[in-house]
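Every chain is numbered from 1 and lettered A, B, ... according to where its sequence line falls, protein lines coming before strand lines. Hydrogens, waters and symmetry mates are skipped; everything else that's a heavy atom, side chains included, is used. Here the structure is a predicted model, which is why all the values come from computation and not from measurement.
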There are 2 protein chains.
Amino acid sequence: MHTVCFNADLCVMTKFSALISGKWKPILLYLVQHGINRFNLMHGYMPTISKKVLTEQLRELEADGLLRREELKVKAPKVVVYHLTEKGASLRKLIDEIISWCMEHMKDEIPQDLLAIFRQSPPAFVHAQ
Amino acid sequence: MHTVCFNADLCVMTKFSALISGKWKPILLYLVQHGINRFNLMHGYMPTISKKVLTEQLRELEADGLLRREELKVKAPKVVVYHLTEKGASLRKLIDEIISWCMEHMKDEIPQDLLAIFRQSPPAFVHAQ
DNA sequence: ACAATAAGTTACCAAATGGTTACCTTTAAT
DNA sequence: ATTAAAGGTAACCATTTGGTAACTTATTGT
């Protein structure tokens, strides 16, 4: 007679997915890792996201401790810079491993050119078009 | 003048989250990994999921090539067994690494008892209550 | 005085995701 | 003839997530 049962809200994997599973979060982390760290600059790289959603995703990454938001004290127009926290930076190795797994096991769903880029210089986080 | 822009639908990380981010998928993979591989047996371990949603999640895991569904040819009542595919099994090492990362970087959100279990025998996938 | 700029906010809408309850199908056991 | 058991479906509803378009605020340059 088992009494073990599972609760999705306490599942560690579920917590992890929540960290990175916003539609734009992986791409945002990638951009910030590469120095594209201001609101309108990010928006220029991903023009199909709305400002509302961009704000939301950034706020969530901040709330989850992956990014830090810094308002520079210039007068105006306001300048805001986003940085990776230590926790955010520590994700990178893990993300690289996830990508390697995908490149090996999801070949069919990944465009040929991206696979080729990946083979030349391993972690290609996102697809640039 | 940059012309690089990003598309969430082509992002490798986004594809990966889709694989495991259903509310019950990590737990289901865990159960199947541990031999709890029949419909009503799974349902008994996670009584708060509805049969409809359980079916949906299993069908998605199957469509994504992580599980294989097998109807045993007994007469009735119907018996169905789920197995990990090779791809599904290959996820395990990666999942262990994700969990290790979480145990290190999300300590605050993980119940003490689960942290203790993890320290004794590393990968504790989900919380048993 | 007026427009431009950075970084948003507001009100509203649509699609995706998850949930509830009742019902179905096939055969074996009573 | 009826009930039970395994593994589901069907019809419907609620919540969450993402999206659109217009507006805001503070200051600087013209």
Side-chain angles (χ1 to χ4, degrees), chain A residues 5-11 13-15 17-28 31-32 36-64 67-83, chain B residues 5-11 13-15 17-28 31-32 36-64 67-83:
Chain A
C5 79
F6 294 99
N7 179 330
D9 296 334
L10 296 175
C11 172
M13 277 300 295
T14 299
K15 288 182 198 300
S17 334
L19 272 192
I20 54 156
S21 75
K23 176 163 170 189
W24 302 96
K25 283 181 188 172
I27 293 174
L28 279 173
L31 290 177
V32 175
I36 293 155
N37 61 356
R38 286 176 51 187
F39 192 88
N40 283 328
L41 192 51
M42 292 173 193
H43 195 248
Y45 273 80
M46 26 199 289
T48 65
I49 193 179
S50 68
K51 289 176 164 202
K52 187 201 104 181
V53 174
L54 178 52
T55 306
E56 282 171 4
Q57 303 271 298
L58 288 169
R59 295 286 189 276
E60 286 177 24
L61 288 170
E62 204 192 347
D64 287 333
L67 293 186
R68 192 163 35 79
R69 178 178 181 280
E70 187 185 356
E71 241 173 272
L72 300 186
K73 282 288 174 261
V74 291
K75 297 294 171 189
K78 178 157 70 170
V79 171
V80 175
V81 194
Y82 292 89
H83 297 282
Chain B
C5 78
F6 295 100
N7 180 329
D9 296 334
L10 296 175
C11 173
M13 277 299 295
T14 299
K15 288 182 199 302
S17 331
L19 274 192
I20 53 156
S21 75
K23 176 163 171 189
W24 302 95
K25 283 182 189 171
I27 292 174
L28 279 173
L31 290 178
V32 176
I36 293 155
N37 62 355
R38 285 179 49 189
F39 191 88
N40 283 329
L41 192 52
M42 293 175 194
H43 195 249
Y45 272 80
M46 28 200 287
T48 65
I49 194 178
S50 67
K51 288 175 164 200
K52 186 201 105 182
V53 174
L54 178 52
T55 305
E56 281 170 5
Q57 303 271 300
L58 288 169
R59 294 287 188 275
E60 285 177 26
L61 289 169
E62 202 191 349
D64 287 333
L67 292 187
R68 193 166 32 81
R69 177 179 182 281
E70 188 185 356
E71 242 174 271
L72 299 187
K73 285 286 175 260
V74 290
K75 297 292 170 193
K78 178 158 69 170
V79 171
V80 174
V81 194
Y82 292 90
H83 296 282

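Spacing between atom CZ of Arg69(A) and atom C1' of dA7(C) amounts to 8 Å, rounded to whole angstrom units. Atom NE2 of His43(B) is separated from atom P of dG19(C) by 11 Å (rounded to the nearest Å). Per the geometry, CZ belonging to Arg59(B) stands 17 Å off C1' belonging to dG18(C), to the nearest Å.
For the salt bridge (Lys or Arg N to Asp or Glu O under 4.0 Å) test, no residue two or more places apart in sequence or in another chain qualifies with Glu62(A). Scored by the salt bridge (Lys or Arg N to Asp or Glu O under 4.0 Å) test, Glu70(A) finds no partners at all (sequence neighbours excluded). Scored by the side-chain contact (heavy atoms from CB on, under 4.5 Å) test, Lys23(B) finds Ala8(A) as partners (sequence neighbours excluded). Under the rule for a salt bridge (Lys or Arg N to Asp or Glu O under 4.0 Å), Arg59(A) has no partner lying at least two apart in sequence or in another chain.
For the pair Val80(B) and Arg69(B), the minimum side-chain heavy-atom distance is below 4.5 Å.
Remark: Arg38(A) is in phosphate contact with dA7(C), judged by side-chain N or O atoms under 4.0 Å from OP1 or OP2. Here Gln57(B) reaches the OP1 or OP2 of dG18(C): one of its side-chain N or O atoms lies under 4.0 Å away.
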For nucleotides 21-30 of chain C, read 5' to 3', which letter fits each nucleotide if B means a protein heavy atom sits under 4.0 Å from the base, S means only the sugar-phosphate is that close, and - means neither? -----BSS--
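Nucleotides of DNA chain D that come within less than 4.0 Å of any heavy atom of chain B span, from the 5' end to the 3' end, dA5(D) to dA11(D).
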